[in-house]
Amino acid sequence: MEAVDGVARVRPLPLAGIRILEPGQNLAVPLGTRLLADMGAEIIKIESPTKIENGRTLYYPDDNPGKRHWNQGAFYHEASRNKLGLAIDLNTVEGKDLFKELVKTADVVAENFTPRVMKNFGLEYETLRAIRPDIIMLSNTGFGSTGPWANYKAMGMTLEPISGLSHFTGYLGGMPMRTAIAYTDSPAAMVNAFAILAALEFRSRTGQGQWIDLSMYELGASLISEAVMDYFMNGRTGGRMGNREPLLAPQGCYRCTGRDQWVAVSVENEPQWVSLCRVIGRPELAADPLFSNAVARKKHHDELDVIIQEWTGSRDHYEAMHRLQEAGIPAGAVLTNKEMLLDPHLFARGFFQEVQHPADQEVGRRLHPGAAWKIESASPGIRNAAPSLGQDNQSVLTALLGITAERIRGLEGAGILGDAPRRQERPRVRGVEELSAAGSIWPPDPGYKLVLQERGGSRKEQPLSPPTAAPEKKQSTNGASKARNMSSEPRQV
Amino acid sequence: MSLESNDPAKNGALGHLKVLDLTHHIAGPFCTKLLADFGAEVIKVERPGSGDPARRFGPFPGDVPHPEKSGIFLYLNTNKRGVTLNLKSPAGLNLARDLARQADIVVESFRPGVLACLGLDYETLSKENPRLVVVSISNFGQTGPYRDYRATEIVEQAMGGLMYTTGLNQREPLKEALAQGQYWAGALAAAATLTSVVGGRMTGQGDHVDVSIQECIASGLQSTIMWYSFMGVERRRQARAAGGLNYMFPCKDGYVVPMVGGGQSWEVFANCLETEELLAPQFATQIDRLKNAEELNNLLVNRFRDSSKHEIFHRGQEWGMQFGLVQSPADLAACPQLESRDFWRTMDHPEAGKIGLPGPLFRMSASPWQLRRPAPTLGQHNEEVYCGRLGYSREDLAVLARTEVI
């Protein structure tokens, strides 16, 4: 907010006016365009009316798939808030034509199919460029758009080990391990957002569009650059060190009093080491030759772990963190998802945001992670819940392409547009029962809604995001009405 | 707007942008590396004498520490110009402000509050340069009760929510490889930088961007948070290290990840691996396979014991299954896919010599990634920048050096 002549003016969000078509699914592209949507870009998702993406089937609210289960998945909701949703069958001629007409009005097309899919649709870059010469297209693939592995199947769970990350993750002397998430999709999303913006900048200077080819394999290998360079320089392949690192001693993860409660502690230099000895009530260790410098401490790390564990073992992880931080020592409570939601710092930062989902989604009011970064000029956040399947078919196609309501009904009748997956399989609830059987969760907390209301130490409710329109009106706030005012010309800069 | 070349592609996507880079370590430099690699002119400011602490991190050729041969520094600082500047001296701060006046973007990773003390904060700088975008990267953000808390990578992963769910249920949580949180933060900060640059074109005004490494990690947890807000469940780690499908199986020469799926059936899986025993009735359905997990596990362990991980990986992929494998840096260096894409490049550095490193983070058809210059030696571009941009003479530079300003 800035004051001009004493009048507070709210600036528009930075990416207002940018339009991105997203025939993407699940993670790498949707998470990337979500970052842009949070900053005001208009993201038009284009999904299939036949088969829904995996994310729409994962983690129903309170394990209840509701009447329209494809609109209930938490996985999908986190990735696609603030977006508009179309469901168009790109396997039909009419569907492809609609897509091509939409391309004329868009700045960017972002997709994460395997390389042959857009080609098979006849919607690859060369075709789109003929329709709109300055179109920017981003293709996010597992292994890249070219090369012997281009059409290999990839997913986050396999790309993490393939990229070299798992080689370095695991207990000392143990097997390679993975994170619990489709790891490479998260940094890929961040770099996707950067790549799209870089292409927009290039276009603003030259008027030219282009094609972006992002390989998650190459990105993953870049995230362990220091290890790869050790191989190039010294022929070393390295391996797993648990929670230890070559330059930090001591470093580790130590048990605290609560259930599966831990604190991470890290010592970067000699002054921190001396402070650590004092804080844990063992000041004499600072003069002990066994631990006299980082080399010695690494040699006797096992002994040190026992000593530190003795101190943390009788403390709550937050208490241990605060005591160590007060003394200038890097330390962090290892937070569960619940603890993140309740954490006082993240609460003060307003990081999580309560979203009122529209009535047809049967999700109610839920906390979501908010914008990934903050800006002084505005308050990016969650303006709208993720769209129900095909929610904006009518409003967007009418506003952008002038298609009449009658024609839309015809397209719906022919199955080219839809709002319910034609293969409407019964939902498979992958919730509490299945996750418990797999050992992936603690027993659920039946009072969790009350717990979340206690955030910030008071029962005061979180600030609401602006209310979404009732389903019948289908007025998309950031989309169609703005679209009416937009030509299909490139944004003037 | 002066660019190095008349060929738009030669200047990269961001050749029209000037960045004053006050960052150090990993997160900030990775952000400015992304900007520099795609064409922006980045002036990296380092403290005289020791420079960016990453010059001490290594790895080093032959394990001999040398400030010009630190692997991570060389990778993170490609395409940047380097100057030395003493930000503890008022004269140095004046020079910094002179440089900021010519910049479109300032990126910094000091402890919150330091920039304001230095008189280099957004409020001060934007008075003379209203279009300036200032990007601040910190552990926990510019505000909040933990604002001044210290963090290393493990602390970030712990507080960011990634660590609790990594590892085994019955053991301590695990840190993911190397410096992931800091790389994520660098990538997000680069996206945030360009977001405000693009936004600034419309309004004519810059912005102050606040990037918290903790929030970057928390933004990448892929619905983990929602397990609690949608279902009231706290997510744990893994029940077991191995012994099930979609886990890693030891091979003759490493580990393979035999995933069923990719649209293929159990029968296809069995045929692909030429292992009839997999077709036995006790493995017929998913429920059966879970019930008889140990027997299935032993079968697969035996199957893979004498096979090479690459052979199994390619075999599975050829049968349309999304197999994976655990690759080490040696595997990556020899990978035919990366080779065919010309992914590995060589930097020719005046002191470190020819160094192999990862190349393009992504490809752009009209404004490609380029390795235009190696990472700078300490103070390498003092003359080019202070003389060429700020009008000082060489004699002036000597005075500034003697008075410990640069």
Under 6.0 Å between ring centres: does that hold for [X] and [Y]?
X: Trp262(A); Y: Tyr164(B); answer: no
X: Tyr60(A); Y: Trp227(B); answer: no
X: Phe323(B); Y: Tyr152(A); answer: no

Pair [X] + [Y], salt bridge at N-O below 4.0 Å:
X: Arg341(B); Y: Glu218(A); result: yes
X: Asp207(B); Y: Lys374(A); result: no
X: Lys175(B); Y: Glu245(A); result: yes

- Item | Within 6.0 angstrom of Glu339(B) CD, more than 12 heavy atoms from elsewhere |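 At most 12 heavy atoms, drawn from other residues, nucleotides or ligands, come within 6.0 Å of this atom.
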Measure [X] against the heavy atoms of chain B and call it side chain, backbone, both or neither at under 4.5 Å.
X: Ile375(A); value: both
X: Leu346(A); value: side chain
X: Ile212(A); value: both
X: Met155(A); value: side chain
X: Ser436(A); value: neither
X: Ile196(A); value: neither

- Message: Under a plain distance cut-off of 3.5 Å, with no hydrogens placed, do Arg235(B) and Ser440(A) share a side-chain donor-acceptor pair?
- Response: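 No, Arg235(B) and Ser440(A) have no side-chain donor paired with an acceptor closer than 3.5 Å.
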- Would you tell me whether Tyr228(B) and Glu339(A) have side-chain atoms, one donor and one acceptor, within less than 3.5 Å of each other?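 No, because no side-chain N or O of Tyr228(B) sits under 3.5 Å from a partner of the opposite role on Glu339(A).
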If only atom types and distance count, is the side chain of [X] paired as donor or acceptor with the main-chain N or O of [Y] below 3.5 Å?
X: Gln322(B); Y: Ala154(A); value: no
X: Asn243(A); Y: Pro173(B); value: yes
X: Arg366(A); Y: Ser229(B); value: yes

Is there a side-chain contact between [X] and [Y] in this structure, where contact means two heavy atoms from C-beta onward sitting under 4.5 Å apart?
X: Met231(B); Y: Pro444(A); value: no
X: Arg349(A); Y: Asp210(B); value: yes
X: Phe362(B); Y: Phe194(A); value: yes
X: Thr169(A); Y: Gln180(B); value: no
X: Leu14(B); Y: Phe202(A); value: no

- Asp148(B): what forms a salt bridge (charged side-chain N to carboxylate O under 4.0 Å, His left out) with it, not counting sequence neighbours?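 Asp148(B): no salt bridge (charged side-chain N to carboxylate O under 4.0 Å, His left out) contacts found.
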- Query: Under 30°, 30 to 60°, or over 60°: which ring-plane class applies to Phe230(B) and His77(A), parallel, tilted or perpendicular?
  - Reply: tilted
- Grab the two heavy atoms, one from Ala177(B) and one from Leu165(A), that are nearest each other, plus how far apart they are.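 So the two residues come closest at CB-O, 3.5 Å.
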- Message: For a salt bridge (charged side-chain N to carboxylate O under 4.0 Å, His left out) check, start with the C-alpha distance between Asp260(A) and Arg171(B), then their side-chain angles and the critical distance, and finish with the verdict.
- Response: CA-CA 9 Å; Asp260(A) 193 31; Arg171(B) 287 195 61 173; over 6 Å; no
